[in-house]
Amino acid sequence: MKITRFAPSPTGTLHIGGVRTALFNYIFSRQHNGLFLIRIEDTDQERSKKEFEVDILQGLQWLGIEADQEPVRQSERSELYRKAAEKLINSGSAYWCNCTPEELDEMRKAQSAAGKKPMYDGRSRNLGLARSSETVLRLATPENGETIVNDLIRGEIKFNNNELDDLILLRSDGSPTYHFCNVVDDYEQKITTVIRGEDHISNTPRQIHIQKALGYPDLEYAHLPLVLGEDKKRLSKRHAATSLNAYKEMGYTKETIINTLALLGWSTQEEIFSTNDLIANFDIKNVQKGAAIFDLKRMDWISSQHLSNLNNDDFIKIIGPFMEEINIHADAQNYEAIILAMRTSKPSLRQIAESTKPFFFPLEEYDPKGTEKFLKGSKELLEHAFDKLQNLNEWTETELDMLLIQIRDFFNYPVPKVNQPLRIALMGTTMSPSLGYTLELFGKEESLKRIQTAIKFIG
RNA sequence: GUCCCGUUCGUCUAGAGGCCUAGGACACCGGGUUUUCAUCCCGGCAACAGGGGUUCGACUCCCCUACGGGAUGCCA
């Protein structure tokens with residue numbers, strides 16, 4: 001059985017790259033009949049915030065990436081780390097070091113100046129110092145030999161032990177550091193497989209040293225390629241949206257987000273798939289090694305594909321919150337019909353909701369280009385259409401379409417010359433469902449009102 | 001500086017030495033369908049970072065270089 005974990009530090013909202021890491025961990029555990037766990041790494045007391053923890057947990061829950069056990073918090077497990085540290089001290093694998101930050105800084109500068117790799121030189125290693133408020137606990141790292149990282153995606157990665165220095169396990173205030181907690185928790189939670197970002201590759205041999213010193217079993221690793229922004233830099237705040245919430249608010253469904261993220265670094269024949277399809281087909285060994293750029297255009301396409309797979313009832317239901325948000329309620333006239341008429345107009349739920357606005361609210365303005373091209377010079381047409389429409393008894397799409405043909409014949413105009421001015425009068429732009437249906441949706445009274453307004457506008 | 005990871009169309013990728021005249025998708029461009037827009041359909045553009053090897057043969061293996069990223073923290 002495989003046990004994976006997602007271990008975010010709550011120093012910011014749930015990041016889209018973090019979601020992908022969580023997703024791959026989740027999928028992997030499902031494929032192996034295993035467990036997926038969440039661990040909040042909140043040892044940085046300065047930057048960790050409860051609200052971020054809540055955001056992360058809620059985000060994953062919304063996506064359906066749920067942990068099989070209650071999430072654990074490192075801030076609540078000090079006892080575990082204390083015991084592990086004790087074990088290392090007793091076995092002689094760790095030692096107290098009283099070097100001051102200033103002293104270390106000087107040491108590193110000197111090393112750099114001499115063209116050497118700046119690293120702790122182990123000067124306190126054999127001093128036999130005792131614990132005090134001035135000492136940190138360091139791991140006595142093997143000085144020779146090599147450490148091999150077994151990576152599911154990249155194969156074996158070798159590091160020379162002499163490249164690694166004696167890292168700090170316990171700070172002078174007694175608090176445990178990231179590497180130390182990470183290793184202890186992975187063991188305590190019986191993690192078998194660590195799937196995380198490739199920025200952790202060079203951390204891995206350090207963590208392996210801690211594991212070995214503690215007598216823990218080896219783990220499997222999979223280091224995922226990074227997710228980058230359009231400028232090929234790490235996806236960050238500068239690239240517009242990075243948080244899951246932002247995409248959720250933009251009206252991308254969880255299926256769309258999962259599908260899009262899974263395709264960053266992995267692929268199959270199929271482009272559009274569900275989480276279950278992913279569990280059936282995903283293979284961590286096929287994950288790409290190189291970083292991937294997050295492309296919103298592709299997400300838009302994936303979104304329209306998922307949206308078009310929804311039946312009408314589900315679509316109405318799922319767009320509800322976005323309609324509410326722009327103050328259009330389900331009891332509005334022709335609510336469902338209008339949404340369904342516009343459902344393929346845009347790629348995201350929010351944009352689709354926005355596109356129905358002309359049906360529910362008075363027009364704020366006419367599209368300038370359309371006005372120039374179609375509305376101006378159409379006064380006579382609109383006046384004629386107004387009269388004809390006013391005398392139409394049966395306000396149905398079929399009847400309206402027939403009337404539109406009559407108008408066209410009357411003026412002997414090509415289709416756009418009749419339809420586009422009317423569209424702009426009704427919608428404000430030249431975009432709408434078929435005109436007969438659009439008129440039906442607006443109803444007689446509102447249609448006539450808008451045509452009248454347009455006539456006045458032309459002046 | 002040193003160590004580690006990476007590099008196929010603009011983007012996501014297929015590719016496990018001959019199947020590659022390097023395939024697909026998104027985007028883009030052109031055409032068709034649609035009374036408009038969108039959808040949909042058809043077509044087009046477009047890439048193996050560079051240089052050396054190994055081999056009868058290299059996108060695939062090896063080396064070097066370039067570029068990008070990570071580590072080198074009492075951050076995670």
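Quick caveat: nothing in here was measured; it's all calculated off a predicted structure. Chain identifiers are assigned alphabetically (A, B, ...) following the order of the sequence lines, protein sequences preceding nucleic acid strands; residue numbering begins at 1 within each chain.
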Visitor: Among pairs that include at least one residue of residues 125-148 of chain A, which meet salt bridge (charged side-chain N to carboxylate O under 4.0 Å, His left out), considering only residues two or more places apart or in two chains?
Guide: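 Residue pairs passing salt bridge (charged side-chain N to carboxylate O under 4.0 Å, His left out), neighbours aside: A/Arg125-A/Asp166.
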Visitor: Between B/C12 and B/A27, how many Å separate the two C1' atoms, rounded to a whole number?
Guide: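 Between the two C1' atoms, the distance is 11 Å.
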Visitor: Grab the CE-C1' distance between A/Met431 and B/U39 for me, whole Å please.
Guide: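 After rounding, the reported distance stands at 14 Å.
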Visitor: One character per nucleotide, please: for nucleotides 40-47 of chain B, 5' to 3', B when the base has a protein heavy atom closer than 4.0 Å, S when only the sugar-phosphate does, - otherwise.
Guide: S-------
Visitor: Could you run down nucleotides 61-76 of chain B 5' to 3' and tag each one B, S or - for protein heavy-atom contact under 4.0 Å?
Guide: --------SBSBSBBB
Visitor: Can you list the residues that meet the side-chain hydrogen bond (donor to acceptor under 3.5 Å, both in side chains) rule with A/Asn161, with sequence neighbours excluded?
Guide: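 A/Asn161 satisfies side-chain hydrogen bond (donor to acceptor under 3.5 Å, both in side chains) with A/Thr147, A/His209 once adjacent residues are dropped.
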Visitor: B/C45 and B/G24: how far apart are their C1' atoms, nearest whole angstrom?
Guide: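 Comparing C1' positions in B/C45 and B/G24 gives a spacing of 16 Å.
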Visitor: Could you tell me how far apart A/Asp367 (CG) and B/U36 (C1') are, to the nearest whole angstrom?
Guide: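 Result: 12 Å.
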Visitor: What is the distance, rounded to the nearest whole Å, between atom CZ of A/Arg298 and atom C1' of B/C9?
Guide: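 Rounding to the nearest Å, CZ of A/Arg298 and C1' of B/C9 are 13 Å apart.
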Visitor: Can you list every pair that meets ring-ring contact (aromatic ring centres under 6.0 Å, His included) and has a residue in residues 397-418 of chain A, with sequence neighbours left out?
Guide: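 Qualifying pairs: A/His384-A/Phe410, A/His384-A/Phe411, A/Phe411-A/Tyr413.
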Visitor: Considering the options A/Thr242, A/Leu57, A/Leu244, which one meets the side-chain contact (heavy atoms from CB on, under 4.5 Å) requirement together with A/Leu14?
Guide: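 Among A/Thr242, A/Leu57, A/Leu244, the one that satisfies the side-chain contact (heavy atoms from CB on, under 4.5 Å) with A/Leu14 is A/Leu244.
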Visitor: Quick one: A/Glu163 CD to B/U2 P, roughly how many Å, whole number?
Guide: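 One finds 11 Å between P of B/U2 and CD of A/Glu163, rounded.
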Visitor: Does the structure show a Watson-Crick or G-U wobble partner for B/G6, both distances under 3.5 Å? Name it, or say none.
Guide: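 Check on B/G6: paired to B/C67, both distances under 3.5 Å.
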Visitor: Which whole-number value in Å describes the distance from A/Asp401 CG to B/U34 C1'?
Guide: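 It works out to 13 Å between those atoms.
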Visitor: Is there, by distance only and without an angle test, a donor paired with an acceptor across the side chain of A/Arg423 and the base of B/U36 below 3.5 Å?
Guide: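 A donor-acceptor contact between them is present.
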Visitor: Name the atoms and distances for all side-chain donor-acceptor pairs under 3.5 Å in residues 261-272 of chain A, with sequence neighbours left out.
Guide:
residue: A/Thr268; atom: OG1; partner: A/Glu270; partner atom: O; Å: 3.2

Visitor: For a quick check of understanding: with a heavy-atom distance under 4.0 Å over all strands, which category does A/Leu264 fall into, base, sugar-phosphate or nothing?
Guide: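 Sugar-phosphate only.
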Visitor: Measure the distance from NZ on A/Lys158 to C1' on B/C5 and round it to the nearest whole Å.
Guide: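 Spelled out: NZ on A/Lys158 to C1' on B/C5 is 16 Å.
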Visitor: Rounded off to whole Å, could you give me the CG-to-P distance for the A/Leu340 and B/C37 pair?
Guide: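 Those two atoms, CG and P, are 22 Å apart.
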Visitor: Check every atom of B/G10, B/U8, B/G6 against the side chain of A/Arg154 and return the nucleotide holding the closest atom.
Guide: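 The answer is B/G6, which lies nearest to the side chain.
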Visitor: Taking only the P atom of each, what is the distance from B/A14 to B/U7 in whole angstrom?
Guide: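 About 11 Å, rounded to a whole number of Å.
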Visitor: Would you name the heavy atoms of A/Leu422 and A/Leu404 that are closest together and state the gap between them?
Guide: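 Closest heavy-atom pair between A/Leu422 and A/Leu404: CD1-CD2, 3.7 Å.
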Visitor: Please lay out, stage by stage, how A/Arg73 and A/Glu76 fare under the test salt bridge (Lys or Arg N to Asp or Glu O under 4.0 Å).
Guide: CA-CA 6 Å; A/Arg73 273 172 218 89; A/Glu76 295 167 1; 3.2 Å; yes
Visitor: Name the nucleic acid region contacted by A/Ser432, choosing base, sugar-phosphate or nothing; use a 4.0 angstrom heavy-atom cut-off, strictly under.
Guide: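 Base contact.
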Visitor: Sticking with atom P, work out how far B/C64 lies from B/A76, rounded to a whole angstrom.
Guide: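 Pairwise P distance, B/C64 against B/A76, rounds to 36 Å.
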Visitor: Looking at A/Arg154 and A/Glu198, is there a salt bridge between them, counting it only when a charged N and a carboxylate O are closer than 4.0 Å?
Guide: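 Yes, A/Glu198 and A/Arg154 are salt-bridged.
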Visitor: Closest to the A/Glu271 side chain: B/G24, B/C12, B/U39?
Guide: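 Nucleotide nearest to A/Glu271's side chain: B/G24.
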Visitor: Could you give the CD1-to-P distance, from A/Ile352 to B/C37, as a whole number of Å?
Guide: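 Value for this atom pair: 18 Å.
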Visitor: Taking atom P in both B/C48 and B/U8, compute the distance separating them and give it to the nearest angstrom.
Guide: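 My reading of the P atoms in B/C48 and B/U8 gives 11 Å.
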Visitor: Base, sugar-phosphate alone, or nothing: which one does A/Pro433 contact when heavy atoms must sit under 4.0 Å apart?
Guide: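 Contact class for A/Pro433: base.
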Visitor: Considering heavy-atom distances to RNA chain B, does A/Tyr437 or A/Ser267 have its closest nucleotide positioned more toward the 5' end?
Guide: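 Counting from the 5' end, the first nearest nucleotide belongs to A/Ser267.
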